[in-house]
A.B. asks: 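I'd like to ask you about the structure that follows.
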Amino acid sequence: MKEFEHAGLKLGSHFQPIYSLAHRRTIGMEALLRARQDTSILTPAEAFYSVVSPERRHQLDLATSEAHAVRFSQMQSDHPCWLFLNIDAASLSRPERAMALANTIKAAGLDPSQVVLEVLEHVLEVDAALIEGVNVLKSSGFLIAIDDFGVGHSNLDRVCQLEPDLVKFDRHLLRAAVHQPRTRNLLAKLVRLMHEIGALVVEEGIETDQDVLIALESGCDLVQGYFIAHPNEQPDQDHIITPRIDERWDELMARELLKRKLTRRQIELARQSFVQSAISLMQGTPFNLAAKPMLALPDVVRCFLLDSEGRQIGRNLNSRQPLAVANPKFAPLVDTTGAVWSRRSYFQHAVDQPGVLYMSEPYLSMTDTRSCITISMAIEIDEIMHVLCADVLISQH
């Protein structure tokens, strides 16, 4: 294979597969620089830190991109596959540099549609020149990815301005999601947000089967990490990668199925008890007695009653000691008497279809800042419209 050198550096290439769990195959390869200076092996960061000026960094970028592109073009693949190239911000800071990068990659034998250009999100200073440079590459047919989103001072405004095709989430975001349910929920919301912006999501740092499960739950599109394959000059192919994942696939799916069964059973019990409480209310049973079937369930935290305008009638009926009583930090939220919940979806859907049980999407409760869903139904009590509501905690696994 051809040797590549630049400014005293020998430029080597390792490739790491980027894998689609849905397609069950590799859809891209990230090229990683393996540089040597004399007998010293340099990391990509060390190689680029050895050159200071933007122009010299750009020239190293061109040489590195050529080396990666030539080697990638010589690799065999049964399916179309993207080459992911890490690009220094210096190569985007001027339109003429961006055009030089485009010409270098095309001269190496790759069509722009085969190449995803990665730029580090936290080092970008978005200005007119950089946006022009990115647009030059986009108009040439290259895809753009923002790398390491979620580290340091990530900025959604930068993402929106650059309109990338893909966003790669930093591995530390995944690490936090594995151990923290709140971060896990945030991860899924960030994936949906990127989808709304129009970008596919790659989650990096997949190292264990638990990481694969978190990635699946988040709804991300692509995964990358040591669990999938290590970087190498000749990386593992799908006939090796896919069985590695399939060995754990049944276990992962069994856990997911169990979780869904538990959740469905939990919700069904809540629905049955809710209807029982609603019927009792319509028959004239006092609220504190009618709500007992609901409050007896372990996952129901509170019941409350609204008038036809969404104003709460009386206090919450709690299944156990309110969180705010045990933790004074939440004391200002305890008394919701007279609170107006008319803007909540559980009220609006209930009054739109009286007698029909509605179940909200998970949201953060204003009462004690826990995530819950609300079951609601508009019913008549003494011929006056009311909305019965119950908050249910959804188990986090």
Side-chain angles (χ1 to χ4, degrees), residues 1-6 9-20 23-36 41-45 47-48 57-88 91-92 97-120 134 136-138 140-148 164-168 200 202 204 206 221-226 228-242:
M1 187 174 288
K2 180 181 176 181
E3 288 287 332
F4 289 87
E5 295 188 26
H6 177 78
L9 294 176
K10 293 185 182 297
L11 307 178
S13 302
H14 278 198
F15 297 91
Q16 185 173 34
I18 296 174
Y19 191 85
S20 169
H23 293 84
R24 296 177 69 243
R25 69 169 183 263
T26 297
I27 55 78
M29 293 280 185
E30 179 176 356
L32 301 168
L33 177 63
R34 296 294 185 263
R36 286 185 294 115
I41 299 175
L42 305 181
T43 67
F48 274 87
R57 294 172 72 87
H58 168 59
Q59 293 300 322
L60 177 56
D61 226 8
L62 294 182
T64 300
S65 296
E66 180 187 10
H68 292 329
V70 169
R71 290 174 178 137
F72 177 78
S73 66
Q74 295 169 349
M75 299 173 68
Q76 301 296 318
S77 176
D78 295 332
H79 301 278
C81 190
W82 286 317
L83 170 63
F84 284 70
L85 290 176
N86 293 285
I87 301 302
D88 192 87
S91 294
L92 304 173
R97 290 179 182 167
M99 184 56 70
L101 176 65
N103 292 335
T104 296
I105 295 171
K106 287 189 283 189
L110 293 184
D111 188 272
S113 64
Q114 296 175 265
V115 181
V116 180
L117 303 176
E118 297 186 31
V119 290
L120 288 170
V134 170
V136 165
L137 295 166
K138 282 184 177 180
S140 298
F142 293 93
L143 290 85
I144 301 296
I146 287 181
D147 193 13
D148 281 357
D165 300 287
L166 301 98
V167 174
K168 299 183 76 174
L200 297 175
V202 185
E204 299 181 289
I206 305 295
D221 305 290
L222 308 169
V223 290
Q224 178 181 4
Y226 291 163
I228 310 302
H230 286 256
N232 210 314
E233 288 183 294
Q234 296 295 327
D236 289 348
Q237 297 183 8
D238 289 345
H239 70 274
I240 297 174
I241 296 173
T242 300

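We number each residue from 1, following the sequence as shown.
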A.B. asks: Can you confirm whether Q114 sits close enough to S73 that some side-chain heavy atom of one is under 4.5 Å from a side-chain heavy atom of the other?
C.D. replies: no

A.B. asks: Measure the spacing between CE of M75 and SG of C81 and express it to the nearest 0.5 Å.
C.D. replies: 7.5 Å

A.B. asks: I'd like to check E118 versus D148 (side-chain heavy atoms, cut-off strictly below 4.5 Å). Are they in contact?
C.D. replies: no

A.B. asks: Would you find a donor on one side and an acceptor on the other, under 3.5 Å apart, between the side chain of S65 and the backbone of L62?
C.D. replies: no

A.B. asks: For the pair W82 and F84, name the ring-plane relationship: parallel under 30°, tilted 30 to 60°, perpendicular over 60°.
C.D. replies: perpendicular

A.B. asks: Rounded to the nearest 0.5 Å, what's the gap from CG on L85 to CG on L110? Could you check?
C.D. replies: 8.0 Å

A.B. asks: How close do S140 and V136 get, heavy atom to heavy atom, and via which atoms?
C.D. replies: OG-O, 2.9 Å

A.B. asks: Using a 4.5 Å cut-off on heavy atoms from C-beta on, say whether the side chain of D165 contacts that of L200.
C.D. replies: no

A.B. asks: Are K168 and E30 close enough that some pair of their side-chain heavy atoms sits under 4.5 Å apart?
C.D. replies: yes

A.B. asks: Within a strict 4.5 Å, meaning less than it, do heavy atoms of the Y19 and D238 side chains meet?
C.D. replies: yes

A.B. asks: Check whether any side-chain N or O of D61 sits under 3.5 Å from a backbone N or O of R57 as a donor-acceptor pair, and report yes or no.
C.D. replies: no

A.B. asks: Which of these passes side chain to side chain contact (heavy atoms under 4.5 Å, CB included) with L117: L101, N86, L143, L83?
C.D. replies: L101

A.B. asks: Do I18 and V116 come close enough that some side-chain heavy atom pair is under 4.5 Å?
C.D. replies: no

A.B. asks: Are the side chains of F142 and I105 in contact, using a 4.5 Å heavy-atom criterion?
C.D. replies: yes

A.B. asks: Report the residue from R34, E233, M29, R71 that forms a side chain to side chain contact (heavy atoms under 4.5 Å, CB included) with S13.
C.D. replies: R71

A.B. asks: Check whether any side-chain heavy atom of L222 lies under 4.5 Å from a side-chain heavy atom of L166, and answer yes or no.
C.D. replies: yes

